[in-house]
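For reference, positions follow the sequence shown, starting with 1. As a basis for the values below, the full set of heavy atoms in this structure was taken, side chains included, without hydrogen atoms, waters or symmetry mates. Keep in mind it's a predicted model, so treat the numbers as computed, not measured.
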Amino acid sequence: MAIKKYSKKKHGSKKLAENFKVSEFGCPGTDKILIDERLPKYLQKLRNYFEKKAKNPKTVSITITSGYRSPAYNRKVGGSSNSRHLEGRAVDVNVWMDGKRVASKYIMCAAQDLGFIGIGCISSTAAHLDFKKGGTYRYDERKRNKYGYFLSFSDCYKYFGVKKKSGSSTKKGKTMYVKAKAGLNVRNKASIKGKKVGALKNGTKVTVVETKGSWCRIGTGKWVAKKYLISKK
């Protein structure tokens with residue numbers, strides 16, 4: 001997806017989604033703002049998710065504590081030299097619901113289900129979300145591995161011990177098989193315009209965890225065309 005360039009002065013009040021505008025992604029000390037066009041759309045999905053869970057939906061809000069960063073500001077805050085914030089592909093957020101901050105583990109689990117590529121735990125109530133190039137990754141900034149890097153893991157639910165509610169799109173999926181002699185492309189969203197992130201051979205066993213129209217999700221950020229799946233091999 002495209003990275004859009006904005007001016008805080010000229011475009012700051014421009015709405016990018018129902019509850020998000022350009023200025024919220026801005027960086028101190030610069031008028032320039034870069035924003036991956038997926039970020040506001042997916043942040044809106046995240047807000048909608050918590051509105052459905054809230055006792056009072058009007059109490060839900062998402063605060064972007066860090067969006068785009070200029071090289072100078074990134075150095076000032078101690079950011080990585082290859083930070084996705086420099087590209088406008090990342091945000092750090094807090095989520096508020098019913099008068100309290102939502103725990104980062106719940107933000108991260110929801111973000112995983114919604115299809116964010118990069119998801120990180122900054123603190124007990126702050127999370128990092130991004131759309132880096134490449135595959136999915138999860139990490140915890142509060143812990144380090146033996147090499148000194150942030151501790152990484154593959155599944156937010158398992159890592160934090162959060163139980164998936166039955167009846168939701170995250171419940172135990174249905175086993176299906178690929179029926180496509182030439183193979184089946186895996187895309188990062190439920191659309192033929194989605195970026196190809198892999199391919200499956202004919203006969204491959206998959207687990208469908210969510211269906212959206214003519215597409216099936218078989219993992220985080222992994223969608224395939226429903227018509228090429230069958231229930232029996």
Side-chain angles (χ1 to χ4, degrees), residues 1-2 16-20 24-25 35-54 57 60-67 84-85 88-97 101-122 125-140 152-160 162-173 186-191 193-195 197-198 206-224 226:
M1 299 293 281
L16 302 176
E18 183 180 355
N19 297 106
F20 296 94
E24 295 178 78
F25 296 82
I35 306 174
D36 185 311
E37 60 184 357
R38 290 170 292 186
L39 281 174
K41 295 177 182 178
Y42 276 75
L43 285 172
Q44 187 63 53
K45 290 181 181 181
L46 186 65
R47 176 174 170 136
N48 294 346
Y49 169 87
F50 282 106
E51 285 183 351
K52 291 179 180 179
K53 293 181 68 66
V60 175
S61 65
I62 294 180
T63 301
I64 300 173
T65 59
S66 184
R84 305 307 164 194
H85 289 278
R89 298 182 186 277
V91 290
D92 297 338
V93 300
N94 294 134
V95 178
W96 293 83
M97 181 176 70
R101 282 188 180 183
V102 176
S104 55
K105 62 183 179 181
Y106 298 123
I107 299 173
M108 294 171 68
C109 286
Q112 176 174 293
D113 289 339
L114 292 172
F116 281 91
I117 303 300
I119 304 173
C121 180
I122 300 172
T125 57
H128 169 97
L129 308 171
D130 72 43
F131 282 104
K132 68 180 282 289
K133 294 179 180 179
T136 59
Y137 71 107
R138 316 281 180 254
Y139 67 92
D140 190 338
S152 62
F153 51 93
S154 60
D155 183 84
C156 293
Y157 284 94
K158 290 182 179 180
Y159 180 74
F160 291 109
V162 175
K163 186 176 181 180
K164 296 181 182 181
K165 290 186 177 180
S166 59
S168 69
S169 63
T170 60
K171 65 182 180 179
K172 186 176 181 181
V186 181
R187 301 188 182 277
N188 68 345
K189 63 179 181 178
S191 170
K193 295 181 180 180
K195 180 180 178 181
V197 295
V206 298
T207 300
V208 175
V209 294
E210 181 183 359
T211 300
K212 183 184 293 185
S214 59
W215 292 83
C216 293
R217 184 165 67 85
I218 58 172
T220 303
K222 296 179 180 180
W223 294 85
V224 295
K226 183 179 180 181

Set of side-chain contact (heavy atoms from CB on, under 4.5 Å) partners for Val162, sequence neighbours left out: Lys105, Tyr106, Cys109, Tyr157, Phe160

Interatomic distance, Cys156 atom SG to Gln112 atom CD [nearest 0.5 angstrom]: 4.5 Å

Contacts of type ring-ring contact (aromatic ring centres under 6.0 Å, His included), residue Tyr159, not counting sequence neighbours: Phe153

Side-chain touch Asn188/Trp223, heavy atoms, less than 4.5 angstrom: no

Over all atoms of both residues, closest heavy-atom pair of Leu129 and Ala111: CD2-CB, 3.6 Å

Gap between atom CG of Asp92 and atom CD1 of Ile122 - 0.5 Å precision: 3.5 Å

Check against side chain to side chain contact (heavy atoms under 4.5 Å, CB included), Trp96 and Val60: CA-CA 5 Å; Trp96 293 83; Val60 175; over 6 Å; no

Given Tyr42, Tyr137, Tyr49, the one that forms ring pair (Phe, Tyr, Trp, His ring centres under 6.0 Å) with Phe116: Tyr42

Arg47 side, atom CZ; Met97 side, atom CE - distance, nearest 0.5 Å: 12.5 Å

Pair Thr211-Lys226, side chain to side chain contact (heavy atoms under 4.5 Å, CB included): steps then yes or no: CA-CA 8 Å; Thr211 300; Lys226 183 179 180 181; 4.1 Å; yes

Val197 and Arg187, any side-chain heavy atoms less than 4.5 Å apart: no

Verdict with reasoning, Leu43 to Ile64, per side chain to side chain contact (heavy atoms under 4.5 Å, CB included): CA-CA 10 Å; Leu43 285 172; Ile64 300 173; 3.9 Å; yes

Sequence-distant partners of Arg84, salt bridge (Lys or Arg N to Asp or Glu O under 4.0 Å), two or more places apart: Glu87

Point-to-point distance, once rounded to the nearest 0.5 Å, from OG1 of Thr65 to CD of Glu24: 12.0 Å

Ile218 side chain near Val209 side chain, heavy-atom distance below 4.5 Å: no

Any side-chain heavy-atom pair of Leu46 and Ile62 under 4.5 Å: yes

Distance-only donor-acceptor check, side chains Asp130 and His85, under 3.5 Å: no

For Phe25, ring-ring contact (aromatic ring centres under 6.0 Å, His included) partners two or more places apart: none

Lys132 atom NZ: more than 12 heavy-atom contacts under 6.0 Å: yes

Sequence-distant partners of Thr220, side-chain hydrogen bond (donor to acceptor under 3.5 Å, both in side chains), two or more places apart: none

Rounded distance [0.5 Å steps], CZ in Arg89 versus CZ in Phe131: 10.5 Å

Side-chain heavy-atom pair Val206, Val224 within 4.5 angstrom cut-off: no

Nearest atoms (heavy-atom pairs only) where Pro40 meets Phe20: O-CD1, 4.1 Å

Atom of Trp215, atom of Ser191 and distance for their closest heavy-atom approach: CZ2-C, 3.4 Å

pair Ser152-Arg138: side-chain heavy atoms closer than 4.5 Å: no

Heavy-atom pair with the smallest gap, counting every atom of Val208 and Cys216: CG1-CB, 3.8 Å

Atom pair CD/CG of Glu37 and Leu16 - distance to nearest 0.5 Å: 10.0 Å

Lys158: side-chain contact (heavy atoms from CB on, under 4.5 Å) partners, not counting sequence neighbours: Asp155

Close side-chain approach of Thr125 and Ser104, heavy atoms under 4.5 Å: no

Heavy-atom pair with the smallest gap, counting every atom of Lys189 and Gly194: CG-CA, 3.6 Å

